[in-house]
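Notes for the one structure printed next.
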Amino acid sequence: MIMDYLSSLNPPQKEAVERTEGPVMIIAGAGSGKTRVLTIRIAHLIHAHKVDPFQILSLTFTNKAANEMKQRIERLIGLEARNTWMGTFHSVFAKILRVEAPKLGYPGNFTIYDSDDSKSLIRSIVKEMRLDDKVYKANTVLSRISGAKNRLISWETYINDPFILADDEAAMKPRVGEIYKNYQKRLFRSSAMDFDDLLFNTNVLFRDHPDILNKYQQRFRYVMVDEFQDTNLSQYLITKKLAAVHQNICVVGDDAQSIYAFRGADIQNILNFEKDYPDLFVVKLEQNYRSTKNIVETANSIIARNKSQLKKNVWTQNDNGDLIELMKAASDNEEGRMVATTIFEEKNNKKLNNSDFAILYRTNSQSRAMEEALRKLGIAYRIVGGLSFYQRKEIKDLMAYFRFVVNHEDEEAFKRIINYPKRGIGNTSVEKMMVAAYEHDIPLWEVITNSKSFLPGRAANAVEDFCTTIRSFKIEVERKDAFEAATSVAKQSGLLRELYEDKTIEGLNRYENVQELLNAIKEYVDNPENEDKSLGAFLQEIALLTDEDQNKDSQDTVTLMTIHSSKGLEFKYVFVVGMEEDLFPSQMMMQSREDLEEERRLFYVASTRAMDKLYLSYALTRYRYGRLLNCEPSRFLEEIDPTFIKVNKKLSTSMSGSFRESEGKSGFVGLKKPPVRNATARVHSPSPDFKPSNTNNLAAGNKVEHPKFGFGKVISIETEGVNRKAHIHFDHFGDKTLLLSFAKLHIIE
DNA sequence: TCTTAAGCTGTTTTT
DNA sequence: CAGCTTAAGA
């Protein structure tokens, strides 16, 4: 059976499969059958070389990719395939850390903090250190810390490295190192690791415990890394160490598709791989089987402008296919309408399914306009990523209960649930308890169980009740399976009742979401593949799941997602929307030449998802943060060789001057253009003689200045009891109704 | 301590 | 715009 597959491979593919020993690097262009090669290679190892599946470790980028590969191998060689180690870096090494964590002083039931938890923790640390949270923004600080961890810089190294300190000093953030230190200490106290810790601590484990390293080196005789261009130093060193004994390391990647630098991915890993392994065997897969010539050439024409890349020549034998179609819309809403209409028509004309279409965008917020348009035409769609199910408040709340029952030291979980539902324990009490734990250097749980010594009577009683509840949950969790325990926790905690009583639409949704979480747990328990049916096991399972890993692809839907999450997928028809300067390429990324190159690679990834036809679209105006902005076409549109492009005339003519009225059902209305303002007008520096004045005698006709909105003229004043409303026309922001911020107004005349 | 409402602020991508 | 924080009143 394997032989059939071997003969179906082209020569370089075959080489890649058959070269099983020693270091191998496969440079795989887009659509070159990479996954196929990888799966056949693994099947070949097991089948032809009689390698025990337990000895093969494959690291992929997403859980989805891992599952898909597993299924494919299973089809090739049967159930044996299940025994290979396959998963993301994070999930595989989290699994290993569950076993080995005690060696690092962590309990095996450590919690994994997602970035929301991390940010929240940083926020409280910044507050405790009495630092300005506008200077030390959680996002910025976290990415700084994360960057350090990805490069294996511990907080000890960080605060002693003169270069890093100088860097922070220059950025006017000299105390990031201290925050890093406190952050790590708090994580440790909470028995928690963040995403980066999973890899960082694996490195520490392998560094400090040669016996353990050796154990895994012996176990994994073959190591394979997919999407190698997206590994960071921390990940790279792990694989290098694991493969050090047997040297059977096979990495697969495409430098042209490296799009995760912001997460610490280092393209040098792939560019310099040869230096680390002088006897490296390199295979290039350059034939594209996926896309038409026009699409391949378009992608090539953009990527050719990048300076730093490995030489390769991606080509295809496929037909020319249709030209790339360029669509121009008046607004983001019309862009959505054009895309939706095109899908509708193409679907009917060519007898396609919804699932043959994908809409790709640079930022998640762009999905709005697309959704609305699709909904109006009754086209089923599904959004991948964005606010994931597990990030919703109600889900996080219930999960926080689960987490806290399993790990009593989980501070972030504690803060979420201690007073939700309301039980009369306010912020003051919570802070007192945390301070007590910190000052006496005792576990949080000890403070909670002895609340009488730290809190006034009423609050202490409430905490005691809370404590009893948690204890009873713990007993249930230990005795029952995940589903029964979870249901009981949801009910007894009062959370379910709280949501049930909320009869608003959002409330109903939240209630349903919680039910859905319980269903997911039921599914987990009923799945015979899961041996450990405890709630703790379920938590571990999903901590590293992302939205796209959920298998809901049974229905026929158009797929909407960011370019980042589209990697590895393919669709017959692909729309890349929002081709506007500052959006794609992103303004934030346009700092240096390297960053522009990464945006080009992003375009490369997006366009090579398409098999048959590629559409590019842009809008002339777009709502962003409640403000309508002017847009300019992306520079990428000029960088593409124009011979591959045709402009969609039919739709572009109909657009001039047609704006839709706010929520009118009538659709197009030929109204005068709404005022278009630039974002720069938003920040106003008050004039030197600005002083907020007593505005008691504010009246219509007054000229005023506001620190944020700038200069304006009062149109009218309305009085409702004690409250006053001022309708003011601001020069840059148009009409505004100020209710309270009178204090910030300054009357000029 | 809880509720309500105004004010403020982000503004990229994800394990 | 939307989600969060803050401030004031109950």
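Here the structure is a predicted model, which is why all the values come from computation and not from measurement. Hydrogens, waters and symmetry mates play no part in the numbers below; they use all other heavy atoms, side chains included. Letters A, B, ... are given to chains in the order of the sequence lines, protein chains preceding strands, and every chain is numbered from 1.
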Between P of B:dT12 and CG of A:L602, the distance in whole Å = 14 Å
Should the pair A:H564 and A:Y260 be assigned to parallel (<30°), tilted (30 to 60°) or perpendicular (>60°) ring geometry?
-> perpendicular
For A:K396 and C:dC4, what is the distance between atoms NZ and P respectively, to the nearest whole Å?
-> 11 Å
Can you find a donor-acceptor N/O pair under 3.5 angstrom joining the side chain of A:R362 to the base of B:dT13?
-> yes
Which residues pass the salt bridge (Lys or Arg N to Asp or Glu O under 4.0 Å) test with A:D397, sequence neighbours left out?
-> A:K393, A:R416
Under 4.0 Å between a side-chain N or O of A:R423 and OP1 or OP2 of B:dT1?
-> no
Consider the side chain of A:S429, meaning its heavy atoms from C-beta on, and name the nucleotide among B:dT14, B:dT1, B:dT15 that approaches it most closely.
-> B:dT1
Sub-4.5 Å side-chain heavy-atom contact between A:Q229 and A:N269 = no
Non-hydrogen side-chain atoms of A:Y113 and A:T111 separated by less than 4.5 Å | yes
Among B:dT13, C:dA2, B:dT15, which nucleotide sits nearest the side chain of A:H90?
-> B:dT15
Taking only residues at least two apart or on different chains, which pairs with a member in residues 575-607 of chain A satisfy ring-ring contact (aromatic ring centres under 6.0 Å, His included)?
-> A:F575-A:Y615, A:F584-A:F636, A:F603-A:F636
Closer than 4.0 Å, any side-chain N/O of A:S565 to the OP1 or OP2 of B:dT14?
-> yes
Is the ring of A:F262 stacked on the base of B:dT12, with centres less than 5.5 Å apart and planes under 30° off?
-> no
At under 4.0 Å between heavy atoms, what does A:D114 touch on the DNA or RNA strands: base, sugar-phosphate, or nothing?
-> nothing
Nearest-Å distance, CZ (A:R368) to C1' (C:dG3)?
-> 12 Å
Donor-acceptor side-chain pairing of A:E334 and A:S331 below 3.5 angstrom | no
A:E598 CD to B:dT13 C1', straight-line distance once rounded to whole Å | 9 Å
Does a side-chain N or O from A:T562 land closer than 4.0 Å to OP1 or OP2 of B:dT12, or not?
-> no
Nearest-nucleotide check on DNA chain B, A:T363 vs A:F61; residue mapping nearer the 5' end is A:T363
Could you tell me the separation between the CE atom of A:M561 and the P atom of B:dT12, rounded to a whole number of Å?
-> 21 Å
Separation of atom CD in A:E372 from atom C1' in C:dC1, rounded to whole Å = 13 Å
May I ask you to evaluate whether A:T88 reaches the phosphate of B:dT14, defined as a side-chain N or O under 4.0 Å from OP1 or OP2?
-> no
Selection from B:dT13, B:dG10, B:dT15 that lies nearest to any side-chain heavy atom of A:K137 | B:dG10
State whether A:N419 places a side-chain N or O below 4.0 Å from either non-bridging phosphate oxygen (OP1 or OP2) of B:dC2.
-> yes
Distance check: side-chain N/O of A:K422 vs OP1/OP2 of B:dT3, anything under 4.0 Å?
-> yes
With the side chain defined as heavy atoms from C-beta on, A:Y260 is closest, among B:dT13, B:dT15, B:dT14, to B:dT14
Base, sugar-phosphate, or nothing for A:S143, non-hydrogen atoms under 4.0 angstrom?
-> nothing
Grab the CG-C1' distance between A:L560 and B:dT13 for me, whole Å please.
-> 16 Å
When all nucleic acid strands are considered with a 4.0 Å heavy-atom cut-off, which category describes A:S586: base, sugar-phosphate, or nothing?
-> base
When we call it a touch if two heavy atoms are under 4.0 Å apart, what does A:F89 touch: a base, just sugar-phosphate, or nothing?
-> nothing
What integer distance in Å separates A:R123:CZ from B:dG10:P?
-> 11 Å
Does OP1 or OP2 of B:dT14 have a side-chain N or O of A:N364 closer than 4.0 Å?
-> yes
